[in-house]
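Following: one structure in structure tokens, then a few remarks.
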Amino acid sequence: MGQKTSKKTVDTQDTAGKETLGFQTEVRQLLQLMIHSLYSNKEIFLRELISNASDANDKLRFAALASPELLKVDPELKIQIGYDGKSRTISVSDNGIGMSRQELIDNIGTIAKSGTAEFFERMTGDERKDARLIGQFGVGFYSAFIVADRVVVESRRAGQAENQGVRWESEGKGEYTIESISRSERGTRITLHLKKAEKEFTDPHRLRTLIRKYSDHIGFPVLLSDLEKPGDEPQAVNSATALWTRPRTEIDDDEYKEFYKHLSHDFADPLAWSHNRVEGKREYTSLLYIPANAPFDLWNREAPRGLKLYVQRVFIMDQAEQFLPLYLRFVKGVLDSADLPLNVSRELLQQDSRLEAIRAALTRRVIDMLDKMAKKNAEDYEKFWAAFGQVLKEGLVEDSKNRDKLARLLRFSSTHSESDKQDQSLSDYLSRMAAGQERIYYLLGDSHATVSASPHIEQLKKKGIEVLLLSDRIDPWLVDHLKEFDGKPLHDVGRGELELPDGEGNISPQSMPDEHKPLLEKMQKVLQERVEAVNVSARLVDSAACVVAGEQDLAPQLRRILEASGQKLPESKPVLELNISHPLVERLAAETDEKRFTDLCNIVLDHALLAEGTPLQNPATYVRRMNALLLDIGKESSD
Ligand code: ADP
């Protein structure tokens, strides 16, 4: 683009309908945050604007499949970057799809992603932390305001008349103006009036290096021109070949990383990628990335997700979610198919039988990529697991075909872990199993603190038998679907009878020592409304009692989650287990006062429930009983 065209647009007569509008609150917050927290990364604005320009060209090429006349005039899609040292401006132009007045208002004055307001509430003002958060959100057009104190967008939607152009202008504070203009070129030009301190960006050498870095992988030519010398030929800066179409051996890591950032608007490097060309019955190229950080809307299962779909190098759609299962929603990438029809739509994709095979192959690719990372780069895998482990667990529930492979990717916290870190694999667990141990023990609970201090694992801990400590929300479902690993069944130590590998301490109601029977029977009578049975426990060392669920009952965590979501579930009573070597049991046996015995039994049960994280159904009764007991103690000591 030369200066001539630039002047023509600015000098337009048609300024009808100039309006001043306010940014949506979240946009204002985003702008402030960008400017402050991304300052040390300021040159990324160029990547973002080039990415948007490339997307706009892609979208026009797609629209032209159905309406070829859109590309009749000015058919060579390109991106032009101009600089003007004197007026301290740079501009990024595309001749792509463009925006109408309403689209400009909708796209650049508002953010439509759901959950945005909540996301911004989490901002702290701590620059380093917030820079990471903004990465999760995705940087975009607004990054222009890191270096510019005024940004002008001029655009004309493809297919609209010259006088249907629109001009948007803002200082990035709280407002913008929008007016109709006449614009001869199709597409969008963004002009940045650079802040005084950012003059370096009009230096052609600096610009050339940056543009090369940010645009070499883009399939459109990027041309650089000096706006002060309108007669000069613009110079081509990039190789204009889409990255995934090039042979793997010719692409270096930095190029892969840059392409990821272009694709995802993330500014952190990805953890891993996998680039493959498949030939034969189905022909396609895929380039899949594992990000390092979770996006802010990872838990919104409705949030847009999926790959960027191309057919024979023509962009077809963003977020084609049909090519990967929901539990791999964190994967970013491109799929370029040689044999899907160019007019493929989301609806057609849903019915296309070719899809199933591609989806299965891509799923395997991601799993293999993760497997490789887990084996070769434990540090990266740890990062991956911290960001996406809980999502991957959904795969164990949803994808029975890949269950075994996925099980190898799981990481748990266990009694072997140092902290609450999820750092143990099931294979690690198997390698540490005790002689004669046939089961993989686990305990479910609401928090790591509850499970790691739970009475249920005292005996196992004492014997040095590892227990997996499961406190993620999805874990009850996970163990419901993962019944065994490498032939070893998983066993919940919070339910049913506990069998220890050495047989020692295995006590069933039948093998219970006779001397304790009268006490247990008496307790059972007192507690019959609240418990299924009272048994002697094989689990306990230090605690007096614990409750366990019946073999067929729902795990208490699962019950609480389901009840919280409004489901009505049939009542089920737990089994109370007693530690017969605990002094409290002796105390119970010696109690002659009926009322006090009743109170004590209930308190022992209430404590067992509290220890596993089950809220008391009648806390006031518990408090009354406790108070009576405390008063008794007071009386005894003053007697
Ligand atoms: P993102 O690109 O992540 O969606 P941006 O804030 O960068 O976020 O852009 C918001 C929207 O504005 C884009 O999705 C696109 O619809 C529109 N947009 C931005 N730049 C252009 C452009 N050069 N041409 C056409 N549309 C654009």
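Atoms within each ligand, like the ligands themselves, are counted from 1 in listed order. Sequential numbering from 1 along the given sequence is applied to the chain's residues.
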Ignoring hydrogens and angles, tell me if any N or O in the side chain of Ser67 forms a donor-acceptor pair with the backbone of Glu69 under 3.5 Å. no

Report the residue from Leu104, Val153, Thr20 that forms a side-chain contact (heavy atoms from CB on, under 4.5 Å) with Ile178. Leu104

Output a table of donor-acceptor pairs, distance under 3.5 Å, between side-chain atoms of residues 308-324 and any protein atom two or more places apart or on a different chain; print 'none' if there are none.
unit_1	atom_1	unit_2	atom_2	d
Lys308	NZ	Asp55	OD1	2.9
Tyr310	OH	Asp58	OD2	2.8
Gln312	NE2	Ala338	O	3.1
Glu321	OE1	Arg346	NH1	3.1

Qualifying ring pair (Phe, Tyr, Trp, His ring centres under 6.0 Å) pairs, either residue in residues 155-183, two or more places apart: Phe23-Tyr176, Phe141-Trp168, Trp168-Tyr176

Does ligand 1 have any N/O atom under 3.5 Å from a protein N/O, and what are those pairs and their distances?
unit_1	atom_1	unit_2	atom_2	d
ligand 1	2 (O)	Asn52	OD1	3.0
ligand 1	6 (O)	Phe141	N	3.4
ligand 1	7 (O)	Asn52	OD1	3.4
ligand 1	7 (O)	Asn52	ND2	2.8
ligand 1	7 (O)	Phe141	N	2.8
ligand 1	16 (O)	Asn107	ND2	3.3
ligand 1	23 (N)	Asp94	OD2	2.9
ligand 1	24 (N)	Thr188	OG1	3.4

Quick one: salt bridge (Lys or Arg N to Asp or Glu O under 4.0 Å) partners of Asp380, sequence neighbours excluded? Lys383

Taking Tyr260 for its side chain and Ala268 for its backbone only, find out whether a donor-acceptor pair lies under 3.5 Å. no

